[in-house]
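By convention in this document, chain letters (A, B, ...) are assigned in the order of the sequence lines, proteins followed by strands, and residues within each chain are numbered from 1. These figures come from a predicted structure and were not determined experimentally.
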Amino acid sequence: MNDKAAQIFAETYDRERAVLPGAGGWLARRRDAALKSFVEAGLPHRRLEEWKYTDLKQALEKAAFVPAPAHEGAVVLPDTAVASAFAAIDRHVVVFVNGRHRPDLSKAVRLPKGVELHSLNDVLHEQWVKELVERRFDDARQSENVVDLNTALMHDGAALRIRKGVRLDKPLHLLFLAADGGASHTRNLILLEEDADATIFESHIGGAAAFADIVTDVALGDEARLSHVKLQDEGAGAVHLATLRTRLAAKSRLSSFTLTLGCGISRTQNFVLFAGEGAQAHVNGAYALKAAQHADQFCVIDHAVPGCTSHTLFKGVLDGASEGIFQGKVIVRPHAQKTDGRQMTHALLLSRDAAMNAKPELEIYADDVQCAHGSTVGELSREAIFFLRSRGIPEMEARQLLVSAFLDEALDLVPHEAAREALKLLAAGWFADGEGRA
Amino acid sequence: MAAVRETVKTVGEVEKYKYGFTTDIESDKAPLGLTEETVRFISAKKSEPGWLLEWRLAAFRRWLTMEEPKWAKVSYPPIDFQDAYYYAAPKQSVKLNSLDEVDPKLLETYKKLGIPLTEQKMLAGVAVDAVFDSVSVVTTFKEKLREVGVIFCPMSEAVRDHPELVQKYLGSVVPTSDNFYATLNSAVFSEGSFVYIPEGVRCPMELSTYFRINEKQTGQFERTLIIAEKGSYVSYLEGCTAPQRDENQLHAAVVELVTLDDAEIKYSTVQNWYPGDEDGKGGIYNFVTKRGDCRGANSKISWTQVETGSAITWKYPSCILRGDNSRGEFYSIAISNGRQQVDSGTKMIHLGRNTSSRIVSKGISAGRSSNTYRGLVSVHRKAENVRNFTQCDSLLIGDRCSAHTVPYIETKNPGAVLEHEATTSKISDDQMFYCRQRGIGEEEAVALIVNGFCRDVLQQLPMEFAVEAQKLVGISLEGSVG
């Protein structure tokens, strides 16, 4: 094996195999198989089409992350705008430090009847957990291979199950703090049964040079509704690899939004599988990058059944020598008639050294469908800046106005009003930090 | 039972590939298979100078180390490169001086194809270089072109008469190491057209080449090289057909275009190789590398293609926009029916300042075919003020075909404005109903609507071609509805 980083993970597995959660049960066998196929495939690199713009292998080799330690002592949340973004919202909070659940810092009390929230390790014996973990999507093998790494090494996560017809009373906030450097592997499982409803916030913060490997598996029952809002603002030395896999049953609705502000290298993968007719998925996101940041947004939306709707919009602002990537694919299977698929990606380059790569892809095997995709890349309109300046608005302010207006189109798609306003403030603050100045 | 009869009739018509006749002419073939000897044989047949033989051999040795590209969205059984003839020439003992001396059977073939090779061409004003299997049969209008200094001749003649030009430009746009099929072509190319437009000359007529694969089990590997000197202009047309055969035949051509300052090349293709039968048996594998290099400032290269034929098409006519203010255009109609597979598109590589490009691609898939647009727009760091507009629309006819769009957009310069949009849809019931209620038959209505869908591209074709292309659009879709 000439894949040094993969070897480190394999060694970690050999060492921790006996103490990882689920030892001796079905999960242990699943972990063995996952590690084997992960090692066979190796870490992804740029010669793989789905990783054309992101070399995870190189990034991990360079950083050579060791497993993150379990952080025992007191933890003080960083006093930043991002860390307190959702603070004003009445919500349940579950805190993970270095990828491990910290009940002492969490605050999720008096959950409604029919809402079951546990640490993943407490519910490993349950059938639904097994089903979600063992699930494969297979639409993008090269991207799904990294899920095997997570399956092999996952050590904690949140497991949320909401029973039929139950509505989660207030948003559930999963807060991940990287307090120390090193690799952590987290698995979250979310099962919304028929007609259940939930809003989940997920934020990733911390300045450590950490490797966060997160897989969130979601299953939505008939007519279930999930709104997922993710905020990522980790340190410049961090590598973030997040995969959200959602299976939608008939008439269910997914709204997923990701705001990416942090990390040296991040890859956000979104897999959506329509398994029942009449379902809707809104997969949106925004990113604002500076310095040498690199953010890759990857989504695959599989219309496997007729009559589903998917809308995707990603908008990015790139400053410094940052690099933004959008790779999206909408698949319309044979017989998936009456599909409505839309996929848009727009990027603004604020600096001479920034770069943008986009690959919005359509793969269509049915004829009675409405599918469109669009992509634009450009800089701030000089005329618009001139117009604002001619009205007495200073140039910096004019630029900030235009950048905020640009990102707002995407941010407006966050369904939760207070969360939407919080993210907008963050986006505006990103520019005002002086980082958005070309 | 009427419906059954009608179906039988339709199927009968579909089977008739209009150009599927073979011409019985004795031909002179290279031995079966591909070895260094084959390359030497071809080179010797063409009485080529040593440098070209070395060039071919270098390409051949390189080719042996290369792997077939697998990334395109097409599938076919592995090709046995040793089970093909790499050179086939109609046997003719004497050198020809005029059209009258050409084998009348050959002329008959061209007549069936409908190319204006004889007097009609005066009216059409088209100078034709007809390539039959591997050799160029006759080039018309040579005299008239010579007057203005335009060189338009078969590649082998150019190697003999203008070696300095060939040596300077051959492989300068598509290097021998470029890709599997281009390298293969470099090793075994047997014919093709050579065009040289001198400084400041506007070519007085449209130049045209007609390709036809006639011999069984042969591959056709032509190589076209067009050089437009400063301030010159040329419009070049290319048409292709092949007879109906059960086995698959390989067509791996290379086209290189070079424009210097203020020059313009307009390259139009109507590709109608045999697409194979209803079950996907036979047909041409069209694996072509086409690339233009806008080397000079203010130069322009425009590709227009109408792709209706071939079992498999793998073709990406590209522009390297090196000169400042240069412009690249790509207009394409790709129609697939039956079991055809198309993976086609373009690359626009922006290197110079103020370069612009425009891509309009219309894909129509019917039957059980698959039609993919794959394109790259890339802007380098130093390319200021780049503009690109890309539009690729797909139309699906029937529920067993597929349409895919795979665009790559890469930019490293903030001043670039790139726009890409794509839509996929089917022929709307309203449009069909409207046509039908006015007494237009179903197939005719489809042809009409599809022609409308393609209009942006058809308009880019030179007149003579536009008419033919419109008809071709109709013919290619026969049997796709109902």
Out of [options], return the one with the most heavy atom pairs under 4.5 angstrom to chain B.
options: A:Met356, A:Lys359, A:His373, A:Glu361; value: A:His373
options: A:His346, A:Gln370, A:Glu49; value: A:Glu49
options: A:Ala366, A:Gly374, A:Ser375, A:Ala355; value: A:Ser375
options: A:Val377, A:Thr376, A:Val332; value: A:Val377
options: A:Asp353, A:Val369, A:Ile331; value: A:Asp353
options: A:Ala372, A:Ala347, A:Cys371; value: A:Cys371

Original post:
Taking only residues two or more places apart in sequence or in another chain, which ones pass side chain to side chain contact (heavy atoms under 4.5 Å, CB included) with A:Asn145?
Top reply: A:Ala41, A:Arg136, A:Asp148
Exceeds 12 heavy-atom contacts within 6.0 angstrom, atom [atom1] of [X]:
X: B:Glu68; atom1: CD; result: yes
X: B:Phe433; atom1: CZ; result: no
X: A:Glu383; atom1: CD; result: no
X: B:Lys73; atom1: NZ; result: yes

Original post:
In terms of heavy-atom pairs under 4.5 Å with chain A, which of B:Asn371, B:Val379, B:Leu396 leads?
Top reply: B:Leu396
Rounded at 0.5 Å granularity, tell me how far [atom1] in [X] sits from [atom2] in [Y].
X: A:Asp367; Y: B:Ser394; atom1: CG; atom2: OG; value: 12.5 Å
X: A:Leu362; Y: B:Thr372; atom1: CG; atom2: OG1; value: 11.0 Å
X: A:Asp368; Y: B:Ile427; atom1: CG; atom2: CD1; value: 12.5 Å

Original post:
Just checking heavy atoms, which of residues 400-425 of chain B are less than 4.5 Å from chain A?
Top reply: B:Cys401, B:Ser402, B:Ala403, B:His404, B:Thr405, B:Val406, B:Pro407, B:Tyr408, B:Ile409, B:Glu410, B:Thr411, B:Lys412, B:Asn413, B:Pro414, B:Gly415, B:Ala416, B:Val417, B:Leu418, B:Glu419, B:His420, B:Glu421, B:Ala422, B:Thr423, B:Thr424, B:Ser425
Subject >> Per-residue contacts, residues 381-388 of chain B versus chain A, heavy atoms under 4.5 Å >> reply: B:Arg381, B:Glu384
Original post:
If every non-hydrogen atom of A:Gln337 is compared with every non-hydrogen atom of B:Asp399, which pair is closest and at what distance?
Top reply: NE2-CB, 3.5 Å
Check whether [X] gets within reach of chain B through its side chain, its backbone, both or neither, counting any heavy atom under 4.5 Å.
X: A:Lys329; result: neither
X: A:Pro360; result: both
X: A:Phe326; result: neither

Subject >> Listed partners of B:Phe389 passing ring-ring contact (aromatic ring centres under 6.0 Å, His included), at least two apart >> reply: none
